Structure formats: C-alpha cells, structure tokens
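Structure record follows, encoded as structure tokens.
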Amino acid sequence: MAATILDGLNRAQHDAVVHEDGPLLILAGAGTGKTRTITRRVAHLVSHLGVPPGRILAITFTNKAAREMRERIAEWVPDTGLWVGTFHATCARMLRMDAGVVGRSQNFTIMDVDDRRRLLRQLIKDQGWDPTVYRPRKFEQFISNWKQHSLDPLQAAENASLYGMEEERAAIVYAKYEEQLAKQDGLDFDDLLLKGVELVRKDRDGARRWVDRFEHILVDEYQDTNDLQYNFVKLLSAAHNNLAVCGDPDQSIYRWRGADIGNILRFEQDFPGTRVIRLEQNYRSVGNVLKAAQHVIRNNRSRKEKDLITDREDGAALRLLEAATEEDEALDVARVVERWIREGTRASEVAVFYRTNACSRSLEAAMTRLQLPYQVVGGLSFFERREVKDLLAYARLVVNPRDEVSALRVINVPPRGIGETSIGRIRAAATEHDESVLQVLRREEVRTALRGPAKKGALNFLKIVFDLGERIESAEAVLRMAIDRTGYRRFADSLTTTEDVDRGENIDELLAFAAEYDEREEGGIRGFMEEISLLTDVDRWAVGAERVSLMTVHAAKGLEFDRVAVVGLEEGLFPHARSFEEPEGLEEERRLFYVALTRAREELCLAHSRMRFRTGAPGPQAPSRFLDELPDEVLPDAHFAAELAEQEFEDDSDAPEDGELRPGDFVRHRVFGEGTVQRVLGSGINQRLVVLFEDTGQERTLLSAYAMLERVD
C-alpha cells in the first residue's frame, strides 16, 4: 500500500509525505500539487505509520477544499474517525461536544452577518443613538477586530478610550452584544475561533480531552492564519509537536481581515526543529504565466524565495488591452472571452477577475450584450435572499428557541397582526423577566396585554414554532411545514422587488437543498442549519456550470481556469489606493496580483482603461504599476506595437506644436510624482510619452491625452 501511495510523487512531495515526527513547513508554490501532498501524507500516516484516523486533524480554509481533501484521502484509506474541515467547522464541532465549558448549550445558534447587523442596529437604537450616524457595519468591524485579538468588552473599552467617541460607543455596544449572545445561546463567526481557543486553553489546564487527542495536525493555506488560528493549532499540537503546515507567503492576501503573514515567515522560530520542504514544480500553468508571476512577486520583500518551474511550453504571450473607458474595456474583454469560447474553450474554464465588486457592472452589461453565459461569484448569495432567510429563521427557532434575532425577524412574517408597538411590549416583557421572546410569549399575562389581532397572532406564532419542533429529524419536513402553515409562498408572491428574482423558485431550491441533505446526512434540521451557517461564497459557486465566472481576485483564491482575464489594472484600483499608505499594503496588493496571474493554466488577458467612473465622477486613470513589472519576454506583441509607434513618429516630419512636451522636459504627475520625458512616440490622440520618474527610478509610457502631466520649470 505504501508504495502505491508514494507512486507519482516528485522528490519534494515524496519527502513531505514520508516525514514522520516533528514540525514540518511545506512551502508550496501555486499549482505545485499541495493537495496531493497533504492527502497522501494523511494516507501514509494511517497506512504506513499506523496512526489511528481519529488521532489526525486536517484543517483548511474553505468547505470546498475540505470536501476535496476528504474525497482524495478516502481513495487511499477509510475515512473512519478522521477530522477534516475548516477552522470554523472544526471549532464548531468541538464546541458542540463541549459547549458547557464556554457557557453555551450544544444547540447554540451560529449567527450570520445579516442577523448580527440587525442585532447591533437594535442595540444602537436601545442606547438612544442614531444608527445612520453610528453605523452597525462599522461597529461590527470594531467588534470583529477586538475578538480577533482576544479582547473582551472590558479590555475593548480600555483600548477604545484612546481613540475617540465612536470606538468608545462601539465598546459599550460590544458589552450589550455579548450579553445578548449569551442570553440567546448564540455565537457569531468570530466566536467560533475565540471560543475554540478558550475551550482548548481550559482543556490544557483541566481534562486534556482535546490537547492530547490529535497526534498529527495538518494545516493548509497556513499563510492566511490569524492570531486566533495560530494559537488554536499551537495549543492543540503542543503535546505531540507534530504540526505540518502547508502554505505560500506569496499568496497571503487576507491581511484586511486579520491574517498575519508573519505566522508562516517565522514558523521555524516558533516551532524549533522545523524541517522545510519547498514544492517548486508547477503542474498548472504554461511558461509565460509563471515567468510573469515570478517576475512581479520578486519585487516584494516579505517572502521566502522559491522558483516555480514547469515542463510545459511557454504558451501564448500575455494579451494587454487598453481601452478608452470602462465600458469599452468590458466590451473588449467580452470579445476576447467570446473568441476563446468560439475556439473551443468551455465557458466554465474562463474567468474574469477584478479588484472590487463595483467592476462587475460593466462586465455584466458586456456579457449580456454579446449573449455570453456568465455567473457572478460573491454577489447577493442564495442564502442572503429575503425569502430564504425568513424560512431559515423559523428553522433556527426550532433548533434554538432562545434565538431572539430569528424570533423578531419572523414574529410578524407573514403578517399576523403583531405591529411594532406590540413587538416593543414583547421585548420589554422579555427584558423584565430575563427571558427570550419565545419564552415570554408563553406567559398568558404577556399575550393578554397585547391589543387587537396581536393577541391571536402571538398565539398562532407560538403554535407554529411548537409544531415545527415535532419534525426536527427532517430538514425538508421542517421547512415544508413552515411554508404551508404560514402561507409563506403566497406572501412571497406578493412582495415587490427591484431584483430580477423568482422568489418561488428560490423557495423550491431551498426545499431541494434540504431534501438532498436529508438523503446524505442524518443530522436533521440541526445538522442542516450548521452546514448552511458555515458556507462561503465560493462554496455556493456552481463549479460545473457552463458559464463564464466573474469574481473578485479574493474569491478566486484556490481556483484555476484555462483562460483568465483581469480588468481594472489601474493605479488606485489595482493596486488599491488604500495600499499607498504603507509598504505592507502595497506588497499585499502585489501578492493579490500574483494570485490572479497564477489562476490561469493556458492564457492571460490583462486590461485597463484610460477613463473610469470613480468617487462620483469620471476621471483619467494611469495604468497599474504591476503592468510595468511584467518581464519583456512575455509581452512580444506589446513591444512590437511600441516599436511600430516609434517608427511612425520617426517618419513624421511635423515638428511638435508649441506647448507640447518634448524629450528632456521636466514634468509632474499626480500619482507618480516628478520625472523627465525620455521619448515621444506617435502623434495626435495616440501620442505616448515615455517618462522616467525620480521616486521609483522607473520608466512609464503614458498617453499624452490622458496623462495630465504638468511641465515643471
């Protein structure tokens, strides 16, 4: 069996798979077969070293990657007792088994982003503050950051006093928010990690149920771990010291949500005796794609050097597109996509990436105009639709009757005569009795105090939730009864919307999803709700659909396509303007560009426009500095065009008109600073200026008509 498991591995992969004890750092470049290496390592541990599957924990970052890992491990060894999942899913599983340690029941609710904002909005209003001034989304960011750094409300309040009123008020709301989560038996997404670390810390000094459990721990995408995730695996691996991590510092792109690239850069210092193995043989991309990516990323300092090599041919040169406007850019890219598909590439193997979601609008219009099938990954997801969230709120109440956010969401949905005044009385009674909304509604005196149809509506609501609890073993049965008993389908049909959406189809899709879960698992409505709560945008992506995928580069992490286009490659957009403030920010933007390039197997198209509508008005745009960092050898067409333009100018006998810039002129640019004109290429609207800028020491070629250069005396 061992020989079969090791079959087909290159030398570096083989060494990583057969490594036995002690910490291991696998530096895996893009497309170097890291999933194969990790799965074969797990199989080798079980079949060759005799490690019981239940003593192995494998962690990755998306449910999609976890599913793939489980399937590939199962090809080699039985998946009996093996722990494979995301950080959040792993922590959730442990917390369900040991919830009392962190003050929750095993039926705790995992609160999604929308419900968290609803609760924060209500808490802000309860303080007498205007939620349009003190925004729930901003308070959410403060609280998430505090939790990622393990700060409780008291510590957050001490920290906030150094910064200003907004953070001070956010800290006050944070304390109220934590009280509500405890009262409602709920955890938010950040809590899964925070409470997971708390659970393991307490376990280390107590029962040692967890810290001694896993003999080998493997972590994929280690470069994206934050402080909590780092502490979680360090605590869990301390007993046996068998921590194997796989990652690539060049693909660390989540600093904005707490990821610390230092976790992988200092791994050898944090875990003495570490063996380092580099996976450098790329099996994904053609030579020109790899040359471009390697040449760009070498401009970063925070990295570990490695060279990606391939046995594949160079492939096509990178295609560069420059358009007058963002609409022209989108149409040009759509035409390239159309040609790729016409020449035989499947639509599902084509993707268009952008830095921010705002870029999708013009792309969607262009795709529609050319009648190209497409899907937007990471837009309004299925589980964020109103009708889906309403029905799932009923399901959450079945699982956790203390979930006040869900109760308040559907207590009058569909309408049953319980207006805002009655809801206010119910909330006041719940506070007075220190009970949940559902609990307090069971009090006859509370229902009697309601006026008009609200009294009957409250009793009806209670009866529906109680009856739903009789069907808890089947996710489909709970949802179908909720639809039938509330008349929700008829209510959904009556809702007005500005979206092109069929609410009835979404309801049917939810039922089909629940039925599929019931056939696959035995978790009932509890298991179904847990699975949904841990899904991400990429997990919801229709992988096999014959449609072109439009997505941000962040969403594209971990994916690959035959042909890729990247749009919006302009200074201030990609790299983003926020990154100009600090070197670490610019390096992360360069890593993001590196990720975009290395998603492509066969061909790349890079596009930018000279004019884009940003900050409320159209304005001229300068090409991204990353385009200048591409090596000459992957851009033969671009250099041919430049030589042609230079030849055209040399043949032009007309001298420059007064006021036009000439070689030797000293100029100032709003982004690149001051520099000297080196050459003037072409004439008229297509005239270009080659300028050497002092700050960077780099030459840039700019269109005269859009460069907005100012001559400096």
Side-chain angles (χ1 to χ4, degrees), residues 319-343 345-382 384-385 496-503 505-506 537-538 540-543 545-556 559 561-574 576-577 592-593 596 599-600 603-624 627 703 706:
R319 183 191 302 268
L320 295 186
L321 297 179
E322 181 182 77
T325 67
E326 59 189 300
E327 284 76 17
D328 292 336
E329 175 198 48
L331 193 57
D332 288 347
V333 168
R335 285 174 176 143
V336 170
V337 169
E338 182 182 44
R339 199 184 94 179
W340 283 341
I341 294 174
R342 189 172 61 246
E343 291 175 349
T345 304
R346 294 169 55 191
S348 60
E349 290 296 346
V350 177
V352 183
F353 303 153
Y354 34 81
R355 177 62 179 82
T356 65
N357 278 308
C359 294
S360 72
R361 178 196 58 78
S362 55
L363 282 168
E364 289 189 70
M367 294 286 172
T368 301
R369 178 175 170 183
L370 296 187
Q371 298 183 332
L372 295 172
Y374 71 90
Q375 60 179 332
V376 179
V377 180
L380 182 62
S381 76
F382 176 77
E384 291 168 345
R385 300 284 183 188
T496 58
T497 178
T498 57
E499 303 172 69
D500 181 17
V501 61
D502 187 324
R503 297 190 188 277
E505 285 186 2
N506 287 338
D537 287 336
V538 173
R540 300 165 187 149
W541 171 50
V543 180
E546 283 305 324
R547 294 181 293 218
V548 177
S549 295
L550 312 181
M551 64 181 79
T552 65
V553 185
H554 282 104
L559 306 178
F561 302 87
D562 281 347
R563 285 169 174 79
V564 166
V566 187
V567 301
L569 285 163
E570 297 134 30
E571 288 291 305
L573 181 56
F574 199 176
H576 200 280
L592 194 59
F593 185 57
R599 298 311 91 196
E603 196 168 351
L604 271 169
C605 174
L606 309 177
H608 66 95
S609 65
R610 300 190 296 269
M611 188 76 66
R612 189 176 296 274
F613 195 91
R614 297 185 65 207
T615 63
Q621 304 297 313
S624 169
L627 295 176
L703 274 167
Y706 295 96

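What's counted below: heavy atoms across the whole structure, side chains too, no hydrogens, waters or symmetry copies. Nothing here was measured: the structure is a model prediction, and the numbers come from that model.
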For residues Met551 and Arg599, determine if any side-chain heavy atom of one lies less than 4.5 Å from a side-chain heavy atom of the other. no
Between Pro620 and Met611, what is the shortest heavy-atom contact and its length? N-SD, 3.5 Å
For a quick test of reading the model, state the closest non-hydrogen atom pair linking Leu372 to Ala334 and the distance between them. CD1-O, 3.4 Å
Atom CG in Leu569, atom CZ in Arg355: separation rounded to 0.5 Å? 11.5 Å
So, do Leu331 and Leu370 sit near enough that their side-chain heavy atoms are less than 4.5 Å apart? yes
Going by heavy atoms in the side chains, are Glu329 and Leu321 under 4.5 Å from each other? no
Rounded at 0.5 Å granularity, tell me how far CZ in Arg335 sits from CZ in Arg369. 6.0 Å
Would you call Thr356 and His576 a side-chain contact if the rule is heavy atoms closer than 4.5 Å? yes
Nearest 0.5 angstrom please: Arg612 CZ to Glu326 CD, how far? 5.0 Å
Applying side-chain contact (heavy atoms from CB on, under 4.5 Å), run through Ser624 and Phe593 and close with a yes or a no. CA-CA 11 Å; Ser624 169; Phe593 185 57; over 6 Å; no
Which atom names give the shortest non-hydrogen contact between Val564 and Phe353, and what distance separates them? CG1-CE1, 3.4 Å
Is Ile341 close to Val548 at the side-chain level, that is, under 4.5 Å between some pair of heavy atoms? yes
Within the 4.5 Å heavy-atom criterion, are Arg563 and Val336 side-chain neighbours or not? no
d(Leu627 CG, Glu570 CD) to nearest 0.5 Å is 9.5 Å
Identify the two heavy atoms, one from Phe574 and one from Gly568, that lie closest to each other, and give their separation to 0.1 Å. CB-O, 3.6 Å
Under the side-chain contact (heavy atoms from CB on, under 4.5 Å) criterion, do Met367 and Leu550 qualify, and how do the steps go? CA-CA 10 Å; Met367 294 286 172; Leu550 312 181; 4.0 Å; yes
Gln621 and Ser609: which non-hydrogen atoms are nearest, and at how many Å? CB-O, 3.5 Å
Heavy atoms of other groups near Gln371 CD, more than 12 under 6.0 Å: no
Any side-chain heavy atom of Leu573 sitting closer than 4.5 Å to one from Cys359? yes
Are Tyr354 and Val566 close enough that some pair of their side-chain heavy atoms sits under 4.5 Å apart? no
